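So the structure is just underneath, and the comments pick up after that.
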Amino acid sequence: MTIDVQPTHGTDRVITLTSEENIEVDTIARYLAGRPPRRLDSTAWLATARELSSNLPVRLRQMLRRYTWDAGRDGVLLVRNLPVERDDLPDTPNVAGSVQRESTVPAAAQVLVGLQLGELIAFREEKSGALVQDVVPVPGMEAFQGNAGSVMLSMHVENAFHMYRPDYVGLHCLRNDHDNVAGLQVASIRNALPMLPEAVRKVLHEPRFFTEPPASFGDLRSAPQPHGILGGSFDDPDIRIDFESSFPLDGEAEQAMAVLGDALRSARRTFVLEPGDLAFVDNRLALHGRTEFTPRYDGRDRWLQRIFVHRDFRRSRELRPEGGHVLGSAGPTHPSAKGD
Ligand SMILES: O=C(O)CCC(=O)C(=O)O
Ligand SMILES: [Fe+2]
């Protein structure tokens, strides 16, 4: 994190690996990356990764454990100084839907850390169901409200429409943008809540909103269920909203959503990630987005790799055929569906 054009904020959950710890993680990740079948989505490879993840440095495991106990006020965990092969790093991909399938050292390191938080999951309709996905700017998609764009990406809970949305979103920076201005933005309901009048909070807890799934999610689109934006504890609620695809069902709900939007904007923090930074966002407590940046499409553009983690793998079993890691849809299958 550098303090450059965009303000960069701290989080109360952060660990910077020492150079010894960096070497330890590098050694495990390098070994793992070479294990057959060297495929990130393979059950056998993941089984090896799961076992090796308990050999991560103890200080890192303690921080991960602390984060799963309580994600802190910001809902963000920042793991810094992970091994990235700066000199050997290939060009940043620049095609839509780009994913990682083969085990590389940075992807292996990210999977190792993620597996200490829970289990990796993906959605069949999104990024072709890959467990490690590229977040890169794509030519012609600059204005797209998704991770292929480079304009300001509006704040959202990841897959807010989905009942089994990720508990954690892990974003691992391999390269930041040329100008070092692209920032991951995070706004937690814990920081926003004190700004909300009680009457507004009550409305936000009621099922007076719905969230539309993207077209690629097929049949889920037909009947989005009304839901509360806030849920669970009144004093320390979960949050479920995507400012691009969540809608109020009445005037009062609309007003409450606007007040919430203002509070979240004030609570928003920006993290300009550096290569080797892995940020986790607690997707139950916080929204995320991204500031604007200017891609050059010269192979040196911003490149994050993304994983989704479920803390309780069992919960989503009904949508995971054969107990695998990829969630299908609840209804009939849509073999032609493509995600982004
Ligand atoms: O580009 C970023 O920092 C975040 C993009 C994003 O929202 C995502 O990949 O889920
Ligand atoms: Fe996102």
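Since we're looking at a predicted model, the values are computed, not measured. Indexing begins at 1, ligand by ligand and atom by atom, following the structure's order.
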What protein heavy atom sits nearest [atom], and how far away is it?
| atom | result |
| --- | --- |
| atom 1 (O) of ligand 1 | Arg302 NH1, 2.8 Å |
| atom 8 (C) of ligand 1 | Arg306 NH1, 3.3 Å |
| atom 5 (C) of ligand 1 | Leu153 CD2, 3.6 Å |

I need the atoms of ligand 1 closer than 4.0 Å to a non-hydrogen atom of [X], numbered in the order shown.
| X | answer |
| --- | --- |
| His288 | 6 (C), 7 (O), 8 (C), 10 (O) |
| Asn147 | 5 (C), 8 (C), 9 (O) |
| Glu158 | 10 (O) |
| Leu184 | 3 (O) |
| Arg290 | 1 (O), 2 (C), 3 (O) |

Determine which of the N, O or S atoms in Glu158 is closest to the Fe ion (ligand 2) and give its atom name.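 Atom name returned: OE1.
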With the side chain counted from C-beta on, respond yes when Pro166 and Phe123 share a heavy-atom pair under 4.5 Å apart, and no when they do not.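 The answer is yes, as the side chains (C-beta and beyond) meet within the 4.5 Å cut-off.
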Please evaluate residues His178 and Phe293 with respect to the criterion ring-ring contact (aromatic ring centres under 6.0 Å, His included), reporting the C-alpha separation (whole Å), side-chain torsions for both, the decisive distance (0.1 Å), and the verdict. CA-CA 9 Å; His178 298 83; Phe293 67 103; 9.1 Å; no
Asn176, Thr294, Thr92 screened by side chain to side chain donor-acceptor pair (under 3.5 Å) with Arg302, the one that passes: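 Only one of Asn176, Thr294, Thr92 forms a side chain to side chain donor-acceptor pair (under 3.5 Å) with Arg302, namely Asn176.
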Return yes when [X] approaches ligand 1 closer than 4.0 angstrom through a heavy atom, no otherwise.
| X | result |
| --- | --- |
| His156 | yes |
| Val169 | no |
| Gln185 | no |

Output the distance between atom CZ (Arg66) and atom CD1 (Ile15), rounded to the nearest 0.5 Å.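 Arg66 CZ to Ile15 CD1: 9.0 Å, rounded to 0.5 Å.
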Please round to the nearest 0.5 Å and tell me the distance separating atom CD of Gln305 and atom CD of Gln100.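 Between atom CD of Gln305 and atom CD of Gln100 there are 4.0 Å.
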Which one of Arg311, Arg50, Arg320 satisfies the salt bridge (Lys or Arg N to Asp or Glu O under 4.0 Å) criterion with Glu119?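 Filter result, single survivor: Arg50.
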Can you tell me which residue among Arg300, Arg175, Arg296 is in a salt bridge (Lys or Arg N to Asp or Glu O under 4.0 Å) with Asp91?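 The single option meeting the salt bridge (Lys or Arg N to Asp or Glu O under 4.0 Å) with Asp91 is Arg300.
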Angular separation of NE2 (His288) and NE2 (His156) seen from the Fe ion (ligand 2), to 10°: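 Roughly 90°, rounded to 10°.
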Aromatic plane relationship, Phe161 with Phe217 - under 30° parallel, 30 to 60° tilted, over 60° perpendicular: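 Taking Phe161 first and then Phe217, their aromatic rings stand perpendicular (interplane angle over 60°).
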Salt bridge or not between Glu158 and Arg306? Use side-chain N to carboxylate O under 4.0 Å.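 A salt bridge links Glu158 with Arg306.
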